Amino acid sequence: MQAWRVHTPGEPREAMRLEEVPEPVPGEGEVRLRVLAANVNFPDALLCRGRYQIRPPLPFTPGVEICGETADGRRVIANPALPHGGFAEYVTAPAAALLPAPDSLDDAEAAALHIGYQTGWFGLHRRARLRRGETLLVHAAAGGVGSAAVQLGRAAGAAVIGVVGGKAKARAAEELGCDLVIDRTAEDLVARVKEFTGGRGADVVYDPVGGDAYTASAKCVAFEGRIVVVGFASGTVPAPALNHALVKNYSVLGLHWGLYAAKEPASVAACHAELTRLAAEGSIKPLVSERVPLAGAADAVQRVADGATTGRLVVVPALDGGAR
């Protein structure tokens, strides 16, 4: 079969190589899946660079979430067992962690439903306890992670402020239904948030960016507001001023979704049931901006790494002629 593999850490476009390799053999408790679609995530770029918290043995295939097909023809959502990641024609995955792909979504949309939406749901509901009528500020609102949080915030009855970088991403955020879109490259983010909220600030901030985004968040978070730290796509890990949090009475909440999968797997299944319901009623739908063939996976990961995309890029092996 064909699979992309990383032999030496580096930038995705240079580090990833498309090779002919044996099909992976399932271990105990695993199943083999035919890859129908593999979503591209920022962690895939970090894996290629050797900067992710998990470092699989070299060589490895990146790709951390897929929609796949079981031997008996069921469509499922899975996290492939590294080092045999999803940018391949076949993968192995833990049988106990398979989730049914929603009938309301196609393969590419189903592949993009899992990590970003689970992270958004746990961040907004388990960590921040977002309430109807509150104001939610989402950084990188036109990206894969941010667009999921926007949709989930709207589904929860919040007013949603989307922060983006550039006119093209602003249009995407507007189409997602943000109540206010702020182009951080052309507007004063803090002033616009204060204006929109009548001086109160945002009740919940969803931050997958870090760096300057976090600094701005601390300046416009409301009294008893909550900043949910999801990641550091900017490459800069902020150092929160705890005296500021004390004086202003806001909370800084960390979110590592993988801990729920490890410590509370039943909560992941329950979340998936809720996401499936929301997808069926049309409240959420992954923003898939592009479906690319397997041959284009390295370029897709690089573009996501560079922050040059909106929504989700999804690798669909069938576009190359299908799995063999």
Side-chain angles (χ1 to χ4, degrees), residues 1-4 23-41 43-44 47 54 56 60-122 144-145 148 152 257-258 260-262 264-281 284-288 291-294 297 312-320 322-324:
M1 70 166 191
Q2 287 194 313
W4 286 92
E23 294 179 8
V25 178
E28 184 176 353
E30 294 182 339
V31 294
R32 191 183 75 146
L33 302 172
R34 183 169 73 94
V35 177
L36 301 176
N39 183 42
V40 179
N41 285 274
D44 294 317
L47 280 165
I54 298 171
F60 70 88
T61 298
V64 296
E65 67 178 337
I66 70 159
C67 176
E69 184 180 57
T70 63
D72 59 3
R74 290 180 296 123
R75 277 199 329 144
V76 296
I77 294 172
N79 299 122
L82 296 176
H84 304 295
F87 301 138
E89 293 181 306
Y90 291 92
V91 300
T92 58
L98 298 181
L99 298 169
D103 293 335
S104 59
L105 303 179
D106 66 22
D107 295 339
E109 292 164 344
L113 180 72
H114 191 40
I115 296 175
Y117 281 86
Q118 288 261 343
T119 299
W121 193 92
F122 276 97
V145 172
L152 289 167
W257 171 76
Y260 291 98
E264 290 187 22
S267 67
V268 173
C271 177
H272 182 68
E274 175 64 8
L275 295 177
T276 299
R277 182 187 70 80
L278 291 171
E281 68 180 28
I284 63 174
K285 186 182 180 70
L287 176 61
V288 177
R291 294 163 171 81
V292 301
L294 184 60
R312 290 293 191 181
L313 301 189
V314 181
V315 176
V316 182
L319 296 177
D320 292 274
R324 293 171 294 183

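Since the structure is predicted, the reported quantities are computational estimates derived from the model, not experimental observations.
Atom CG of Leu33 and atom CD1 of Ile66 lie 5.0 Å apart (nearest 0.5 Å). Going from atom CH2 of Trp121 over to atom CG of Leu152 covers 10.0 Å, rounded to the nearest 0.5 Å. Atom CG of Leu275 is separated from atom CG of Leu113 by 5.5 Å, given to the nearest 0.5 angstrom. Within the model, atoms OG1 of Thr61 and CG of Leu47 stand 11.0 Å from one another, a figure rounded to the nearest 0.5 Å. The structure places OG of Ser104 at 10.0 Å from CD of Glu281, a figure rounded to the nearest 0.5 Å. Expressed to the nearest 0.5 Å, how far CZ of Arg75 lies from CG of Leu99 amounts to 13.0 Å.
In this structure the side chain of Pro24 reaches within 4.5 angstrom of the side chain of Met1, judged on heavy atoms. For the pair Tyr117 and Leu278, the minimum side-chain heavy-atom distance is 4.5 Å or more. Between Leu287 and Glu109, the closest side-chain pair of non-hydrogen atoms is not below 4.5 Å. Residues Val315 and Val35 have side chains not in contact (no heavy-atom distance under 4.5 Å, counting atoms from C-beta outward). For the pair Val76/Thr70, a side-chain contact is recorded, criterion being any heavy-atom separation below 4.5 Å from C-beta on.
The closest donor-acceptor contact from the side chain of Asn39 to the backbone of Val314 lies at 3.5 Å or more, if one exists at all. Looking only at distances, a side-chain donor or acceptor of Asp320 sits under 3.5 Å from a matching main-chain atom of Leu294. For the pair Glu65 (side chain) and Ile115 (backbone), a donor-acceptor distance under 3.5 Å is present. Distance alone, capped at 3.5 Å, places no donor-acceptor pair between the Arg34 side chain and the Ala71 backbone. A donor-acceptor pair is defined here as one N or O able to donate and one able to accept, closer than 3.5 Å; such a pair exists between the side chain of Asp106 and the backbone of Ala108. Side chain of Trp4 to backbone of Gly85: no donor-acceptor contact under 3.5 angstrom is found. A donor-acceptor pair is defined here as one N or O able to donate and one able to accept, closer than 3.5 Å; such a pair exists between the side chain of Gln118 and the backbone of Val268.
Pro80 and Gly86 get closest at one heavy-atom pair: CG-N, 3.9 Å. Annotation for Asp107 and Cys67: closest pair O-CB, 3.4 Å, computed over non-hydrogen atoms. Smallest separation of non-hydrogen atoms from Ala110 and Ala101: CB-CB, 4.1 Å. Across all their heavy atoms, Ala93 and Leu98 have their closest contact at CB-CD2, 4.2 Å. When every heavy atom of Arg312 is checked against every heavy atom of Val40, the shortest pair comes out as NH1-O, 3.4 Å.
Legend: residues meeting side chain to side chain contact (heavy atoms under 4.5 Å, CB included) with Pro100, ordered by chain and number and at least two apart, are His272.
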Assess whether side chain to side chain contact (heavy atoms under 4.5 Å, CB included) is satisfied between Val292 and Leu319, documenting all intermediate values.
CA-CA 7 Å; Val292 301; Leu319 296 177; 5.7 Å; no
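Within a 6.0 Å sphere centred on CZ of Arg277, heavy atoms belonging to other residues, nucleotides or ligands number more than 12.
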